[in-house]
Amino acid sequence: MRPHRDFLTIHDFNKPELDALFALAARMKAGKYKKKPLAGKALAMIFTKSSTRTRVSFEVGAWQLGAHSLFLSPRDVQLGRGEPIADTARVLSRMCDGIMIRTFDHADVEEFARAADIPVINGLTDVQHPCQIMADLLTVNESLGTYEGKRIAWIGDGNNMANSWLDAAARLGFELRIACPEGFDPDPLLLKRAQKHTTVILTRDPREAAEGAHVVNTDVWASMGHEEEQKMREIAFAGYIVDDRLMARTAKGSIFLHCLPAHRGQEVAASVIDGRHSRVWDEAENRLHVQKALMAALMGGEPLVASPQRSGSKPKAKSAPVRKRSPRSR
Ligand code: CP
Ligand code: NVA
């Protein structure tokens, strides 16, 4: 019986483990990690939504760590013709060593994880985008030294990104200020949970969120699956553009992040995303390093312990439960 863990939300890991992932990703980015912990392994990648960064980072990352990856589109696999999720998960578990899924309904990813006996990684659902927030936080650490004590502003839709920021704030303890129009708030339960752990402000005023912020983050007004609401959302989100006037309110040395793809002139002014505050290309590149760290840990047995440089101690917090892999011959 081999233990395995999933990564469906940032809440699946505790703070020392998340810090260990950042440290491992940074080592990989610096070229100091030479191992191939996924040699001879296979990653199944299921995409029912479009993707550039997620697909490329997982596919290239898996290859760099020694694995083969399979791009599975519902147009081509039997899942798209109604084969049950649980059956697909069981079959993939017999042939592969990890599954990455991007889809609409978060419950589908949870069902996949329950049925699979190999690690399942959430590559975005309607309510979560944890891999992106990990890359964002790696970018914050690189640009500002640490996320500790920082004020992070989220301007725009209370979408999957905003929800994953809430989970990250709850786990890591930085301050989060979210500015959304009424009717576009993030998940109320995730908001409440985060507010128990750290300072989280929900406001209708983007200026209040941006005031003194070290990081300003935004996203499209209409996420995948909401395309038909584009016009209505353009009206609802007018005034939520991240422009130079908004950035002028932020802390000295502040950075701008966007998970991409971006719509210049809507959620962000071209002068900001292409300007001096922007770290969006580092952020996009960091998807690769974070995905590699995650796969090395979940699929390759790389231990998630704090690096001696950062804390000099082993993590004290209790780990999330480890699920047992059912016995099978491989
Ligand atoms: N940021 C992100 O997830 O990009 P893709 O949709 O291109 O994967
Ligand atoms: N919120 C966006 C993120 C895209 C990477 C979406 O779900 O479409």
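We use all heavy atoms of the structure for the numbers below, so side chains are in, but hydrogens, waters and symmetry mates are not. We number each residue from 1, following the sequence as shown. Counting convention: from 1, in listed order, for ligands and their atoms alike.
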Check ion pair Arg94-Asp117 (N to O, under 4.0 angstrom):
no

Checking a contact table here: which protein heavy atom is nearest atom 2 (C) of ligand 1, and how many Å away?
Arg287 NH1, 3.4 Å

Do ligand 1 and Cys259 have nitrogen or oxygen atoms that lie under 3.5 Å from each other?
yes

Any N or O of Ser223 that comes nearer than 3.5 Å to an N or O of ligand 2?
yes

Check Glu17 with Arg5, please: is the shortest side-chain N to carboxylate O separation under 4.0 Å?
yes

Under a heavy-atom criterion of less than 4.0 Å, does Leu260 contact ligand 1?
yes

Tell me which protein heavy atom sits closest to atom 5 (C) of ligand 2, plus the residue, atom name and distance to 0.1 Å.
Leu260 O, 3.6 Å

For His129 and ligand 2, does the shortest N/O to N/O distance drop below 3.5 Å?
no

Geometric cation-pi criterion Arg55 and Phe47, 6.0 Å radius, 45° cone
no

Look at Asp19 together with Lys15 and state whether they make a salt bridge at an N to O cut-off of under 4.0 Å.
yes

At under 4.0 Å between heavy atoms, which part of His129 makes contact with ligand 1: side chain, backbone, both or neither?
side chain

Taking distance alone, with no angle check, do Arg53 and ligand 1 share an N/O pair under 3.5 Å?
yes

Salt bridge present between Lys49 and Asp126 (N-O < 4.0 angstrom):
yes

On a heavy-atom basis, I'd like to know which of Asn160, Val220, Thr54 is closest to atom 7 (O) of ligand 2.
Asn160

Hey, are Arg177 and Glu175 close enough for a salt bridge, meaning a charged N less than 4.0 Å from a carboxylate O?
yes

With the threshold set at 4.0 Å, does a side-chain nitrogen-carboxylate oxygen contact exist between Arg207 and Asp205?
yes

Does Arg102 reach ligand 1, in the sense of a heavy atom lying below 4.0 Å from it?
yes

For atom 8 (O) of ligand 2, closest protein heavy-atom neighbour
Met224 N, 2.8 Å

Short N-O contact, Asp185 and Arg204, less than 4.0 angstrom:
yes

For atom 7 (O) of ligand 1, what is the nearest protein heavy atom, given as residue, atom name and distance?
Thr52 N, 2.6 Å

